[in-house]
Amino acid sequence: MPRFHLAKQAKTSECYKLPAIWRMPAPGSGLGKLRGSFFNRFASVGPKSMESRYALFALYALGAAVLAASLAKLKAKLELTKATQWSLAGNVWIARRIASLIPFYDYDEEQFFRTDSPPDEIAARRRAGFMRLSNLCREQFAKTDQFTAEVKDSISDLQFTEAYRAPFQFRRLVREYLDAGAVVLSSSGVTLTDLDGNCFYDLTGSYGVNVFGNDFYKECIERGCQRVRELGPVLGSYHPAIAYNVKRLKEISGQDEVSFHMSGTEAVMQAVRLARYHTRRSHLVRFCGAYHGWWGDVQPGVGNPVPAHETYTLKEMSRDTLRVLRSRRDIACVLVNPLQALHPNAAAPSDSSLVDGARSSHFDKEAYRVWLQRLRAVCTERKIVLIFDEVFSGFRLALGGAQEYFGVRADIVTYGKTLAGGLPIGVVCGRRDLMKRYRDDRPVDVCFARGTFNSHPYVMGTMHEFLERIDSPKIRELYLNVDPVWNGRADRFNQRMHDEGLPVQIANISSIWSVFFTQPSRYNWMFQYYLRAEGLALSWTGTGRVIFSLNYTDADFEAVTNRYMAAGKAMQQDGWWWSDPLATNKSIKRHIQREMIAHRFIRNLHRSGDRSMPESQS
């Protein structure tokens, strides 16, 4: 039959009619108005060929599919944006942009004491108090400060920490007059002794290592080294002490397998790598403000010169975050640092950023427990690996760490700091299916992680001592009472500060404290120097994080509280907590912002002038 007869027959033959939902509705109907344009064009193709009709329809269908996919991507992007904390700690783009715009400037000696426009009498008291502190440092800490100054120019870490003890505008005069020593000679009980023989109560916690007191760790190191002395530093093979360590770590973590590394940062790196390897997904989720070491993927903002492209930084304790975890298909793992329960969605507090009185902390154990339970459920549902970073919290909150403390089981747990009895360590404990580093059916597809000093005999020896000692009745008793003891001490501390009229309070999670201030002030960061003068040793972050070891007695704690009070009274007497009745934290921030804008404008003017200057004049 000729081709045109077939086309003509197609108009009447039932076998070529479009399905009812594709045919044009009755003229004037609502559906007809909505779909008329599309189907009129489809029906008006003409009788030349049904192939052309279906080709045109396929093009429309393809366009609809592309539009649907674009809308789905847009929806996922909007959900991700909604789950992002719009702050310097939570939004990488904002943090990097603002960091690039903030100009350096500092206060001269006149401005230093008058940034909040105080009366002349208050400025004079501040100056006198500052110089009194300076004289005390030069007399009482002379040898310690001199030694620190001699080595500082050759130790880059020390240069960094010394530069960030106070807000940068005050830095020059602080380093000139209040240079804090960074050298100690000995430790005993809960105290440290510097080169001048000054004895300080240790509130540094050795960055979290010191859970049970310095003497505990000195004994672990001494006996651990004796245990492996016959082998010495032989690497590659294992000392038999490793068997007990693995057994105890499996019991404590509730996991199936263990791998050893040399730092907490390395342990987190390996945990994330294993999660990506086994899920075949690219992205990790970290929460706003959380610290997981210094490697690139977990430090996507300021501090890392290269952006992290496969990291999502989301809000903690947020339904929006749970929604993102449920909807996205590229998430391999979620990292949780339980210490964030003390200040969710905020970075660890440091005095270098303490420009007003807005710093705050609060710990709600039940609320955080519920959050972790919901997070656990979503990760299980979506087959996302839940990683607890217990490098800091492990063995401090409870024998079983945050898993025991909050009653939530992770898929992988990382440990570090205290676990090796005072020596460097990183450990990954995980489910058997997540810890395997190769595929039986693909022998070249491996997840590589090796290190020269992994499972070092001396580290294994001291770890053996540590794990044995924490099973003693004395340590078990400490764990049974850890929350009642430290919560009670925190309550008594806060009440005494309040009764004395001092604007100082603390929030705590167990023996980890954060100091905050109850009134606006440009000078709250000065408190750390008054505390040092009273014989309290703080880390370079200052009052933001105070870490007690669990061997503090009530008498020790009472002495620390008395020294806090003495430091607070001296600082108050010297006028640092004078405040304009109209001042607020917001008004202080606005004033600093105006300063920054003015200095940036002046800098840009100078640069423009330099560029426009003729070469003969330059």
Side-chain angles (χ1 to χ4, degrees), residues 76-99 264-265 268 271-272 283-304 307-328 330-350 352-355 358-364 367-372 374-376 378-379 384-393 402 406 408 410 414 507 509 512 514 516 541 544-545 589:
K77 182 68 174 177
L78 290 174
E79 287 179 345
L80 188 62
T81 301
K82 193 176 180 183
T84 300
Q85 181 86 3
W86 288 90
S87 66
L88 294 181
N91 189 285
V92 174
W93 185 88
I94 291 176
R96 287 179 175 276
R97 184 59 179 163
I98 291 180
T265 293
V268 173
V272 171
H283 281 66
L284 69 88
V285 166
R286 63 181 289 272
F287 293 120
C288 175
Y291 182 75
H292 299 283
W294 54 265
W295 69 288
D297 279 13
V298 293
Q299 195 178 52
V302 177
N304 179 6
H309 297 293
E310 295 178 327
T311 299
Y312 296 133
T313 299
L314 305 182
K315 291 184 289 189
E316 195 160 20
M317 304 181 76
S318 168
R319 292 180 180 178
D320 295 327
T321 291
L322 297 180
R323 189 176 297 114
V324 167
L325 296 178
R326 285 194 177 98
S327 62
R328 298 194 73 90
D330 58 350
I331 296 174
C333 60
V334 174
L335 276 169
V336 173
N337 182 346
L339 193 56
Q340 287 299 109
L342 188 57
H343 41 76
N345 297 311
S350 170
S352 66
S353 58
L354 187 59
V355 296
R359 183 169 80 189
S360 64
S361 298
H362 174 70
F363 175 50
D364 186 332
Y368 201 74
R369 182 186 65 81
V370 171
W371 159 250
L372 291 179
R374 292 174 178 170
L375 188 63
R376 170 71 278 176
V378 172
C379 287
I384 298 170
V385 179
L386 180 60
I387 302 172
F388 275 14
D389 178 356
E390 297 228 45
V391 170
F392 198 110
S393 60
F406 293 107
V408 176
T414 62
I509 173 172
I512 307 162
S514 181
F516 61 94
T541 59
R545 179 151 297 163
K589 283 189 172 73

side-chain contact (heavy atoms from CB on, under 4.5 Å), paired with Val285, selected from Leu325, Leu375, Ile387: Leu325

Set of residues satisfying side chain to side chain contact (heavy atoms under 4.5 Å, CB included) with respect to Val391, sequence neighbours excluded: Asp389, Thr414, Lys417

Qualifying residues under side-chain hydrogen bond (donor to acceptor under 3.5 Å, both in side chains), relative to Ser361, sequence neighbours excluded: Ser514

Atom CZ of Arg374: over 12 foreign heavy atoms under 6.0 Å: no

side-chain contact (heavy atoms from CB on, under 4.5 Å), paired with His292, selected from Leu284, Val268, Thr265: Val268

More than 12 heavy atoms of other groups within 6.0 Å of Trp295 CH2: yes

Sidechain-backbone polar pair: Thr321 side chain, Glu316 backbone, donor-acceptor under 3.5 Å: no

Verdict with reasoning, Leu354 to Phe516, per side chain to side chain contact (heavy atoms under 4.5 Å, CB included): CA-CA 10 Å; Leu354 187 59; Phe516 61 94; over 6 Å; no

Exercise: identify the closest heavy-atom pair between Asp297 and Pro300: O-CD, 4.5 Å

Spacing of Asp364 atom CG and Ile509 atom CD1 [to the nearest 0.5 Å]: 11.0 Å

Set of ring-ring contact (aromatic ring centres under 6.0 Å, His included) partners for Phe406, sequence neighbours left out: Tyr368

pair Pro349-Arg545: side-chain heavy atoms closer than 4.5 Å: yes

For Lys589 against Ala358, the heavy-atom pair lying closest together: NZ-CB, 3.5 Å

Results of side-chain hydrogen bond (donor to acceptor under 3.5 Å, both in side chains) for Tyr312 - residues two or more places apart only: Arg328, Asp330

Close side-chain approach of Thr311 to Val298, heavy-atom, < 4.5 Å: no

Met317 and Gln340, any side-chain heavy atoms less than 4.5 Å apart: no

Shortest non-hydrogen contact from Glu390 toward Ser393: OE1-OG, 3.0 Å

Side-chain donor or acceptor of Asn337 paired with backbone N/O of Tyr291 under 3.5 Å: yes

Residues in side-chain hydrogen bond (donor to acceptor under 3.5 Å, both in side chains) contact with Ser360, at least two apart in sequence or another chain: none

Nearest non-hydrogen partners of Ala99 and Val302, listed with the distance: CB-CG2, 3.7 Å

Heavy-atom side-chain contact between Ile512 and Phe363 under 4.5 Å: no

Listed once per pair and sorted, the salt bridge (Lys or Arg N to Asp or Glu O under 4.0 Å) pairs that draw on residues 334-350, sequence neighbours left out: none

